[in-house]
Each structure stands twice: as C-alpha cells, then as structure tokens.
Amino acid sequence: MFIATFNANSIRARKDIIQKWLNKTGCNILCIQETKVQDKDFPSKDFQELGYNCYYKGQKSYNGVAILSKEEPNQVSYGIGDGKDSEEDQARIIRASFKDFELINVYVPQGREIDHPNFKKKLEWFRRLLDHLKNHHSPSQPLLILGDFNVAPEERDVYAPEKKKNHVCFHESVRKEFFSLLDWGLFDLFRHFNKEEKQYTFFDYRIPKSVERRLGWRIDHILVTSPVLSQAKNCYIDLEPRTWPKPSDHTFLCAEFEPKLCTSNA
DNA sequence: ATGGTTGGTATCCAA
C-alpha cells in the first residue's frame, strides 16, 4: 500500500512526469496540490487510462487539489465542511472516505506576509481544520491528512531558522497551530521514521542549486492517527521531481503501509 | 535589504 503527496504547481505542466512516476511506483493514492486548473480542463482521462479514479476541484490559475486513487472511495467532499467554505477553500481541501480509512488532502493557504490579511486566514484555516477533526473524526480511528501545509514545524525543517522567524511558513504562531493538530492525536509520519536535519520537501526555484546546497523547507507532510501509524512501514522524500528536465520546486513525499492498511483496527 | 525562477495569464500575480 503506497500513498504519496505532491505539490504539482500546475497539473498540466507536470502531467507527463506524474504519469511516469505513477507507472514506476504503482502508487495507490496520490494527493496533488496546486493543480492550477479549472475542473473542465483537468486531464482526468490521462490518469484514468492508468487505472486511477480522479477527484478534483480547482480554480483558474490558482490553488486546486486532486486525489488520484486506484481504489474507489465511498464518498468524496470538498472544503472544510463547516459552512464557511469559499470557492477558494473548496479548491484547497478534499476529504475522501475509503473502505478502511479516511483521507484528507490539504493545500493550506501560504499567507503571503505576517501582516497581510491572508496570514490571519492561514491561522484561521488551521483552527477550522482542527474543529473539523474534533467534530467528525477520532484519534482512535484510521485517518491520514496529507498535503502542502506551508509550515516547517521545527528548526531542523528549514535551512536558515534564525533568519526565517518572521516567514509565514516558520513564524511561531503558525508552527503552534500545526502542533495543535498533532496534539489532537496525529503523528508526523516522516519524523517517525527520520530524525536527521536538512530533510526537505520544497526547494525554491529562485535559489541556484538549492538541492545540492540543502537550502530547502520541509513543509509537505503526512499526518496519521495511531491506527495508521501501526500499519506504516516507511516514509521518505523522493527528490526525483527536482532533478527532472523540467524541474518542480516540490518533491514527492511517500509513505508505505502494510497491504491491508488499518483493517486490523477497523 | 534584496534578488533569484517558474506557471498561468497577460504583459502582472503568486509562490
């Protein structure tokens, strides 16, 4: 059982490399963020041909999320579902119920600047997500939340922590919101398997040779409840997209589970 | 303090 997350920064620009990667890995479920495409233009055919069901919601130019899955989920919903969802919110989160577990794919707002209204919305977004978990989920039930959280949780997760204290992806306030999700009953799956520093999922295009110089951020995450953790075999960062001819700024964050994920706990 | 690159849409915005 193989589940992964990838910020595509345009599904159309990365379609070919995603297809190749799916064929190579046999990934069961891929969560995608920043598809940057309206629903009518989503290339679902190209993924259906490979045996994937496609669920997506997007906007022109910005945001947009998708789940590609071999197994058909019982139900799929868009937005946080608290009655406050804007069109943008719906293009930032997909919730899917599978036979043996629940899965949420998120693209958390970046926030722009600490004093920008969008940063306040980012903090609120975490609180709304936490409320959703409290109201509709339980830490004792199998749940995975994957995606681009736009937060580096700890100092070892960003290349220059002392310089980034006021960055929207490292400010104390947003890290606190991230940890409030963990405190509810989620585990940072990558950190469960990897303790070393300088393990990044995002490398800014604008910094020359950022991968080689290890100038990156760990802002993409896979958070799981304990019944899922007990079925997890490994979690790792696949750097391949960063070295492709048409490089992406994000990487694939991958997780491997026992074949019958969570059935023993269901 | 600022720049650098990429994608989508237009000659600028977001990351």
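FYI, side chains are in, hydrogens and waters are out, and symmetry mates aren't considered; it's all heavy atoms of this structure. To find a chain, count down the sequence lines: A is the first, B the second, and so on, and within it residues start at 1. What you see is a predicted model; the values in this text were computed from it and never measured.
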Distance between [atom1] atoms of [N] and [M] (Å, rounded):
N	M	atom1	result
dT6(B)	dT11(B)	C1'	16 Å
dA10(B)	dA14(B)	C1'	14 Å
dT5(B)	dA1(B)	P	23 Å
dA15(B)	dG4(B)	C1'	13 Å

Side chain to side chain donor-acceptor pair (under 3.5 Å) partners of Arg127(A), counting only residues at least two apart: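 Counting only residues at least two positions away or on another chain, Arg127(A) forms a side chain to side chain donor-acceptor pair (under 3.5 Å) with Glu177(A).
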Sequence-distant partners of Ser180(A), side chain to side chain donor-acceptor pair (under 3.5 Å), two or more places apart: none
Take the protein atom [atom1] of [X] and the nucleotide atom [atom2] of [N], then report the distance between them rounded to whole Å.
X	N	atom1	atom2	value
Ile207(A)	dT6(B)	CD1	C1'	14 Å
Lys15(A)	dG7(B)	NZ	C1'	16 Å
Glu113(A)	dT2(B)	CD	P	12 Å
Tyr159(A)	dG4(B)	OH	C1'	11 Å

Salt bridge (charged side-chain N to carboxylate O under 4.0 Å, His left out) partners for Glu71(A), two or more places apart: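 Counting only residues at least two positions away or on another chain, Glu71(A) forms no salt bridge (charged side-chain N to carboxylate O under 4.0 Å, His left out).
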Qualifying residues under salt bridge (charged side-chain N to carboxylate O under 4.0 Å, His left out), relative to Arg12(A), sequence neighbours excluded: none
Partner set under side-chain contact (heavy atoms from CB on, under 4.5 Å) for Lys84(A), not counting sequence neighbours: Asp82(A), Arg128(A)
Nucleotide-resolved protein contact map, nucleotides 9-15 of chain B, B/S/- at heavy-atom distance under 4.0 Å: S----SB
Residue pair Lys70(A) / Asn53(A), side-chain donor-acceptor N/O under 3.5 Å: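 Absent: no donor and acceptor within the cut-off.
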